[in-house]
Structure formats: structure tokens, C-alpha cells
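Here the structure is laid out as C-alpha cells; the discussion comes afterwards.
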Amino acid sequence: MPRRSSRAASAVANAKITKDSDEPLGMNGDTKGETDETEEKTASKKKTTLKGASSDANGSANSTTTKKKNSPSTPKKRKSKGSSSSDSESESAPKKRKTSPKKKKSTNASSSEPSVAETATSVSSNNENGTKSTSKTAAKSPPKKKAPTHQRWTERTPLPKLHDAKHSALTNGSHTFTILSWNVAGLRALVKNHPDSLPDLVTKYDADVLCLQETKLQEGHLEDTKLKLKENLLDKMMELGYRGYFCYSTVKKGYSGTAMFLKQRVDNVIATSGSNGDAIQEDQNGEDSSKKGKKKQATLGAFFASKKAQDGEDGWASKNGTEDIQSVAGKPTGNVPSSIVHPIKIINELGLPTHDGEGRVITVEYPLFYLTNVYVPNSGQKLDRLTYRTSEWDADFVQKMQQYESEGNKPVIWLGDLNVAYDEKDTWNEGAKHLAKSAGTTPEERASFKKQLEGGFVDAFRHLHPEGRGHYTYWSQRAGNRAPNQGLRLDYFVCSEALMEDGEEKRAIVRDSYMVHDQMGSDHCPIVLEIEIKK
């Protein structure tokens, strides 16, 4: 016989129970079973919806398992005759759904934990509709610094020694006239922290002249007992045979300033001050060789004695102004007469009101050349003095040097802190973008210095050592640049072309120039010039 459907069998059984029993429907009858079946289907649909949404949202089987545990358990359906087929389908459906999330779990687990060192694709839900998007994630690492495109030259190439003073004295009877120049960045601080630095320096190099820049002294500092400049510097230099000359800034205190210490000589000819400012030649008896009795020097030791009664200054240090020089005991000069190498006259400043007042220049006239110690104005951090520096100072200064050269009929040497790094060999980081807007390395300053050299002058160090690299004279203390040699060459000896040419008729010839890199006490180092003076 053909089977009746499950629905029909359930209806007959329900009608029979209703007739034979007063028990409420749904308690023990199949009406409850039908209701349970309907609820089961509804619950199953909800589960399927929830599981699908959970899978889409999280991509994980864990969420599905959690929701299954929290959902109400499916009630057991009372079996009725002829209903086994429907019950079997109803119970087998959830089992099939259980296997599906496990596969998803296996799939998602492998992709949900990407390696830190690798680039992975992560799946995320961007909105409630389950839209998927992919994004690449990479391991975080510090950004790489760009390699500098500018020059970074810190190596100091070896320099050949071009002159031997002792050998020259023995073979040629010549004297090596040695000049030292040093920006001390404050003489009071240098003497306080390194009281023997200057006496030791002139002794080591047997210097004829020591030139200092940026002394930052005012008139009265030398006599100030608290500063002890007299006992720690001037007296020590005097014992070594040096007399000091100072030029102070009068427009601003503790600013700029230059000084020179000159080695004195003993000879039969002594130069003293004449009434007209010209040197008067006297013999050791104090008589003028041209006009007897005009001027008399009692003793050579009077040079170091106090002259306050005469001109209001101590004998070991001159004040601002123009002064003629006397000669006293000093080191021997071989076969060269000391009259050839002792100074004739001192001239402070340039004699130009536009530039005088900052104590930047001292000039000494020697028989064979002029020697000018200069501290060139800095253009300033904001380049506020750049135009003044290049258009006025540089032009007027080189004109003054040419004037000395032509009127005195002798070559000129100007030296000191010139506040310019001329080319790529004079800077450690040539090509850096900030250099074009930094004082000392602007195109305007370099062009101005080039124009000065074209006026008949030579950069002595670069002329003698054209391939020398890394020989800087200034390093920023704030940046700690001295140890790694990240510096600039700002200090120079600039000479008339005639001094660089050798010949039998030449009596003064520049032989060598170099730096004293191991001398501490300032953000600059000293520089040296050696001139052979022939007999």
C-alpha cells in the first residue's frame, strides 16, 4: 500500500487525540510536534543566517562555534507513525552544516596570521554588506637616510716640507723669517686656560712675528691686575725678546681686536721715533748718523722700561696709533744684518673712517716688505654685513695693500682670519645646500676674494701646496667638528707675486706655509709662513 504523507498522518493522529482526551493541545500531542518542527526549521534558518554573517564578518570558525553554543538546543520531536522520513531529513541537515565551518576555519587560520617579515594579504569587511577589500602590510623598519650628494672630505693629505731653515742658514748664510698667525677667539680666555700657549708657540717655531686676531681686548685690560695679562703673557713674551702691539675696538666692547708680538734685534743701527714720524738712524752711542745730537737713546734696556712719562704707555705694549720701532736684543740672524729683519714702523687701522674703529688692522713696515695683520669682518649669520663686506671693505682693503706696494716700492704680505673658504679644497662639505647662504662660503665672498687675488696677489699655501686637502684652520666647537676634521680654511697668508718668485736678485722669498693642527685653545689653529731672507 502507498505511504501516506507525514503531514496527513499527523493530522489524523491529532484528531483522534482531541476526541479521546481533555488534555490541552500541545502538551503531549503531535500539535506540539508540528510546532516544534516549524520552530526547528525557523531556528535552523536563523542559525544558517547567523553562521553565514559570522563567517563573512570574521572569516573564522571560532565565531560560528560560539554562536552555536549560545543558541537554544533543538527539542526532541515525538516520533509518530509514518513520520521517520521527515525526522531523518530534519536531523541530518545540521550535521552537514557542522562540517562547513571547520573547512573555513582551516582556510582562514592559515591566512589570518601573516609573517611579520613578509608581505601578506589580509581580508577585512568594510561595511555591513560584507564587502571585502585587500591591503598589503609590511614589517616596520626605520627609514633609510639618503646618502649625501655633497663632498665629505675629512682626510688630511701629507704635506712635503719645502724648506729647512738650519740647512739654509749653514749653506747660504740666510735667515728664515717665520710668521705665526692665530685667531685666538678671546685673548683673556686663552691666557687664563692656557697661560703658556703663546710663549711655547713662539719658542717652538722660533718666530719673528706672532699675529693674533679676535683678541676681544679693551684699553685697560693689559693693566688690569685681576686679569693677570701682564704677568702671564706680556712679561713672559718680553723675557723671550718680544714686544706687543695692540689695536682695540672703540665702537664695541669685547669685540674684534688684533695684536702683534715682534721679535727684537741687536745691531749697530737702531731705529727710534723722529719728530715727523719717520725713523731716525742712530748708532749705539745714540747719535743720528745724519744729524748728530738730534736724538739719543740712553740704553738698549730702556726699550723695556716704562715710558709713561714720555707717552703714557708701558714699554712692553703699545696703544692704538702709529709708532716707529726701536731694536733690542734678540736671536741671531746668521749672516743677514739684523737691520734687514727688524721692524721700522707700526700703523694701526687703515686710515679710512668708514672702516676704522673696530680694531681690525695692524701694519708693520719692514725693510723688505709690509706685513699687515687683519681680521676681516664676518658677514653675519643672517648675512646682514655681506654687502658691506664685499662691496666696501674688500675693495678698500686691497686698494690699501696696493697703495703700500706702490708707494713703498716693496711687496706686501697680508694675513689673518680672512673669513672666506675660497674653493672646494677649503671646505670639508663642498656642495652642501646651506653653504651658499652661510657666511664665509657665499658666492659673493668667494668672488670678492678672487678679485683681490687678481690684483697681483697669491694665496701662499695653495700656491705651494696645490693638491693639499683637509688642511683646515677652523672647526665649529658647538658641533664638535674638530676631532673628525670637518672644517674650513679661513686663515691665509696672501703675498705679492714678487715674493713667490726666486732669483739671484731676490732677497726675500716665500718658501713654505702650513698649519699647526695640534695647537689647542681656540676654534682656529695657528698657521705658519716661512720666508728666506738672503744675506
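These numbers come from a predicted model, not from an experiment. What's counted below: heavy atoms across the whole structure, side chains too, no hydrogens, waters or symmetry copies.
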Contact summary for [X] and [Y], nearest pair of heavy atoms:
| X | Y | result |
| --- | --- | --- |
| Leu233 | Leu198 | CD1-CD1, 3.6 Å |
| Asp356 | Gly351 | OD2-N, 2.9 Å |
| Arg482 | Gln519 | NH2-O, 3.0 Å |
| Leu529 | Ser513 | CD1-CB, 4.0 Å |
| Cys495 | Met500 | CB-SD, 4.1 Å |
| Phe493 | Ser181 | CZ-CB, 4.1 Å |

Would you say the side-chain atoms of [X] pair up with the backbone N or O of [Y], donor to acceptor, closer than 3.5 Å?
| X | Y | result |
| --- | --- | --- |
| Asn485 | Gly470 | yes |
| Glu358 | Ser256 | no |
| Arg511 | Ala165 | no |
| Gln218 | Ser249 | yes |
| Lys425 | Pro466 | yes |
| Asp164 | His167 | yes |
| Thr178 | Glu530 | no |

Could you check whether any side-chain heavy atom of [X] comes within less than 4.5 Å of a side-chain heavy atom of [Y], counting everything from C-beta outward?
| X | Y | value |
| --- | --- | --- |
| Arg389 | Asn419 | yes |
| Leu162 | His465 | yes |
| Glu445 | Thr390 | yes |
| Glu467 | Thr157 | no |
| Leu190 | Ser522 | no |
| Leu368 | Ile531 | no |
| Glu405 | Phe457 | yes |
| Cys525 | Thr473 | yes |

Run Leu371 and Asn373 through side-chain contact (heavy atoms from CB on, under 4.5 Å) and show every step you take. CA-CA 7 Å; Leu371 184 64; Asn373 176 25; over 6 Å; no
For the aromatic rings, using the six-membered ring if either is Trp, is the centroid distance between Phe449 and Tyr492 under 6.0 Å?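 Yes, they do, as the ring centres are separated by less than 6.0 Å.
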Counting only heavy atoms not in [X] (residues, nucleotides, ligands), do more than 12 fall under 6.0 Å from its [atom1]?
| X | atom1 | answer |
| --- | --- | --- |
| Asn409 | CG | no |
| Glu505 | CD | yes |
| Gln381 | CD | no |
| Lys506 | NZ | yes |
| His150 | NE2 | yes |
| Glu501 | CD | yes |

Which pairs with one or both residues in residues 510-533 pass ring pair (Phe, Tyr, Trp, His ring centres under 6.0 Å), sequence neighbours excluded?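 Listed once each, the pairs are His471-His517, Tyr474-His524.
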Interatomic spacing from [atom1] in [X] to [atom2] in [Y] - rounded to 0.5 Å:
| X | Y | atom1 | atom2 | answer |
| --- | --- | --- | --- | --- |
| Leu499 | His463 | CG | NE2 | 11.0 Å |
| Arg469 | Asp426 | CZ | CG | 9.0 Å |
| Thr372 | Leu415 | OG1 | CG | 7.5 Å |
| Lys400 | Glu349 | NZ | CD | 11.5 Å |
| Cys247 | Met260 | SG | CE | 11.5 Å |
| Leu210 | Leu262 | CG | CG | 9.5 Å |

Can you check side-chain contact (heavy atoms from CB on, under 4.5 Å) on Ser379 and Thr442, steps first, answer last? CA-CA 9 Å; Ser379 296; Thr442 64; 5.6 Å; no
Side chain to side chain donor-acceptor pair (under 3.5 Å) involving [X] - partner list, sequence neighbours excluded:
| X | result |
| --- | --- |
| Asp417 | Asn183 |
| Tyr255 | Arg360, Arg385 |
| Gln403 | Glu407 |
| Thr441 | none |

Begin from the C-alpha positions of Ser168 and Glu532 and carry the test side-chain hydrogen bond (donor to acceptor under 3.5 Å, both in side chains) through to its verdict. CA-CA 8 Å; Ser168 180; Glu532 182 184 5; 3.1 Å; yes
Geometric cation-pi criterion Lys410 and Tyr370, 6.0 Å radius, 45° cone: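 Yes.
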Kindly write out the residues that satisfy side chain to side chain contact (heavy atoms under 4.5 Å, CB included) with Asp224, not counting sequence neighbours, or none if the list is empty.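 Checked Asp224 against side chain to side chain contact (heavy atoms under 4.5 Å, CB included); matches are Lys226, Leu227.
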With side-chain contact (heavy atoms from CB on, under 4.5 Å) as the test, would you mind laying out the steps for Leu222 and Leu217 before giving the verdict? CA-CA 8 Å; Leu222 297 176; Leu217 293 182; 4.1 Å; yes
May I have the step-by-step check of salt bridge (charged side-chain N to carboxylate O under 4.0 Å, His left out) for Lys166 and Asp206, ending in yes or no? CA-CA 12 Å; Lys166 292 182 179 180; Asp206 200 15; over 6 Å; no
Sidechain N-carboxylate O distance under 4.0 Å for [X], [Y]:
| X | Y | value |
| --- | --- | --- |
| Arg446 | Asp423 | no |
| Asp459 | Lys450 | no |
| Lys236 | Asp196 | yes |

Could you please spell out the steps behind the side-chain contact (heavy atoms from CB on, under 4.5 Å) verdict for Trp393 and Leu350? CA-CA 10 Å; Trp393 170 276; Leu350 291 176; 4.1 Å; yes
Can you tell me which residue among Tyr404, Trp414, Tyr388, Tyr375 is in a ring-ring contact (aromatic ring centres under 6.0 Å, His included) with Phe397?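 When ring-ring contact (aromatic ring centres under 6.0 Å, His included) is applied between Phe397 and each of Tyr404, Trp414, Tyr388, Tyr375, only Trp414 qualifies.
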Determine the interplanar angle of the His175 and Phe177 rings, folded into 0 to 90°, and report it as parallel if under 30°, tilted if 30 to 60°, perpendicular if over 60°.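 Perpendicular: the ring planes of His175 and Phe177 meet at over 60°.
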